[in-house]
Protein chains: 2
Amino acid sequence: MRSPQLMIKPNNCHSCRMSALCLPLALHTSDLDKLDNVIQRGKPMQKNQSVFYAGDTFTSVYAIRSGAVKSYCITDDGTEQVTGFYLPGEIFGWDGIATSKHSNHAVTLETSALCEIPFAQFERLGATMPMLQQHFMRLMSKEISTDQALITLLSKNSAEERVASLLLSLSKRLKSQQLSATKFRLPMSRADIGNYLGLTVETVSRVFSRFQSFDLIYCERKEIEIINLQRLSSLAHNAECL
Amino acid sequence: MRSPQLMIKPNNCHSCRMSALCLPLALHTSDLDKLDNVIQRGKPMQKNQSVFYAGDTFTSVYAIRSGAVKSYCITDDGTEQVTGFYLPGEIFGWDGIATSKHSNHAVTLETSALCEIPFAQFERLGATMPMLQQHFMRLMSKEISTDQALITLLSKNSAEERVASLLLSLSKRLKSQQLSATKFRLPMSRADIGNYLGLTVETVSRVFSRFQSFDLIYCERKEIEIINLQRLSSLAHNAECL
DNA sequence: AGCATCAGATGATATAGGTCAATTCCCTGT
DNA sequence: ACAGGGAATTGACCTATATCATCTGATGCT
């Protein structure tokens, strides 16, 4: 089990710039207060710290305030399978609801601040706040759509299309958080990217090089700049993907 | 939009042998009655009929009483991508909750009887029946797990492993419905299987032949018998997959 | 019944991406 | 500041699966 985390300075859902994303917009102020009491804010974590392990009893879902997280599981033959990358404003940890145990591990990819949303209390809260529960079902439905987009990507698209799609997905998601859509830092390693996209590190690396030689991106280690977003999009015809 | 469907003879959730799967076990009888009023039973459909189209306004999720359904979407380049197969006792159609529009198409693979569960009324019902909403969240979470298992399969496993995993998944799911786990009819075509697993028809066909030559299965057209379930499982080391 | 179409099987060949290996360059810890 | 190890890149080669083509036997339509 994970080590106890320090709490950061008092804060609340009202003042959180993420609230529009992780909470239903239609929530009343009084409801927000109730929710606020339940959510455990803070949890600043260093790079490579586990948020939860596969097999852990499912207790909470987590919203990312800053940083990045990857979820992954260990397959029967002992290899790692990355199942998702999560950026600020996103919620992860749904995987445990069905079985009451997490099926994935989750680790921070960089220094991150998370909000823990204890699910038992949340469910109790949901009983009196249908909006809240509905909102969460929408978020889960979105996760389903994302996963299905990834399935399509994996079963139909070439290495270049997959990498381009991932870059565009990251770009779009950062943009939705008022961050730069064209210049950012990749929080994950090439190995993680390859693992996620069903490619080897070498292939990912080669695709990055090729993209760079075509002036689609400029990339130095983890810093990346998308030079030609349009052409990159056309390359990843599954543009709305991921 | 789809053509109107005939209703089959009166029936209800109480008497449905599927209820354990599509409904929370802990539901009170009085609650079940309320739910019963909302669900539209029947909908017997022929093979190759659309249940809903991508882009349709999301109104309902569907439980399968008999038959089989595939969900798929059309990618940007106009090709079909199968995203799931659904068997009796399973619920599909979650994809539309996030955006209020279905992102997938759904068609019957054979003559099927479905129960339509109108979502708006369901949500209203959920407000007074937290158990119901929680149960549905669990089902959605399960769908997420299945999708993630497929992602792993697609990004890590060979053609043989993929096909073996699908066969075992079908076997397991049929068994959970008290149907034969070793002898059944594949409701979908080789092309659908290949599409779903990210393989070509030819490869699927070759894998079937190879499995047959190894006496793992006996297969004649769509009728399949799993001869050596154990060896098939070891071949698909992602046994708990899909 | 008979033809047309489609699903499936199998063979020959091509290729994208995997595997293995070597090299460079960060980053981390001491 | 330096050493060591891991992350990333690049090249050479190989293999699993795609592609293309042909054939057979179902299935469905008139």
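To find a chain, count down the sequence lines: A is the first, B the second, and so on, and within it residues start at 1.
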Where each residue is assigned the nucleotide of DNA chain C containing its nearest heavy atom, which of K47(A) and E202(A) is assigned the position nearer the 5′ end? E202(A)

Rounded to the nearest Å, what distance is computed from the [atom1] atom of residue [X] to the [atom2] atom of nucleotide [N]?
X	N	atom1	atom2	answer
R190(A)	dC25(C)	CZ	P	16 Å
L186(B)	dA7(C)	CG	C1'	13 Å
R185(A)	dC26(C)	CZ	C1'	12 Å

Considering only NZ, NE, NH1 and NH2 on the basic side and carboxylate oxygens on the acidic side, decide whether E80(A) and K70(A) come within less than 4.0 Å. yes

Return yes if some donor-acceptor pair links the side-chain N/O of R162(A) with the main-chain N/O of L197(A) below 3.5 Å, else return no. yes

Donor-acceptor pair, side chain of S205(A) and main chain of V201(A), under 3.5 angstrom: no

Would you call the rings of H105(A) and Y72(A) parallel, tilted or perpendicular, where under 30° means parallel and over 60° means perpendicular? parallel

Which label fits F52(B) and H102(B): parallel for a plane angle under 30°, tilted from 30 to 60°, or perpendicular past 60°? parallel

Exactly one candidate in E220(B), E223(B), E225(B) meets salt bridge (Lys or Arg N to Asp or Glu O under 4.0 Å) with R185(B); the answer is E223(B)

Testing the 3.5 Å rule here: is there a donor-acceptor pair between the side chains of S71(A) and T83(A)? yes

If we count only N and O atoms by modelled type, under 3.5 Å, do the side chains of T111(A) and Q46(A) hold a donor and an acceptor together? no

With a 4.0 Å cut-off on heavy atoms, is G198(A) in touch with a base, just the backbone sugar-phosphate, or nothing at all? sugar-phosphate

Under 4.0 Å between any heavy atoms, over every strand shown, what does T200(A) touch: base, sugar-phosphate, or nothing? Just pick one. base

Per the under-4.0 Å heavy-atom filter, residues of residues 204-222 of chain A near DNA chain D come out as S205(A), R206(A), S209(A), R221(A), K222(A)

Decide if atom NZ of K222(B) counts as having more than 12 heavy atoms of other residues, nucleotides or ligands within a radius under 6.0 Å. yes

Does atom NZ of K142(A) have more than 12 heavy-atom neighbours from other groups under 6.0 Å away? no

Using chain B heavy atoms and a threshold of under 4.0 Å, write down where along DNA chain D the contacts begin and end, 5' to 3'. dT17(D) to dT27(D)

What pairs with S141(A) under side chain to side chain contact (heavy atoms under 4.5 Å, CB included), at least two apart in sequence or on another chain? I97(B), A98(B), M140(B)

Review item, nucleotides 13-16 of chain C N/O atoms under 3.5 Å of protein N/O:
none

Evaluate the side-chain hydrogen bond (donor to acceptor under 3.5 Å, both in side chains) criterion for residues T108(A) and Q49(A): first the C-alpha distance (whole Å), next the side-chain angles of each, then the deciding distance (0.1 Å), finally the verdict. CA-CA 5 Å; T108(A) 53; Q49(A) 297 242 309; over 6 Å; no

Rounded to 10°, the helix from dA1(C)-dT30(D) to dT30(C)-dA1(D) deviates from straight, judged by its five-pair end axes, by 60°

With sequence neighbours left out, what residues match D147(B) under salt bridge (Lys or Arg N to Asp or Glu O under 4.0 Å)? none

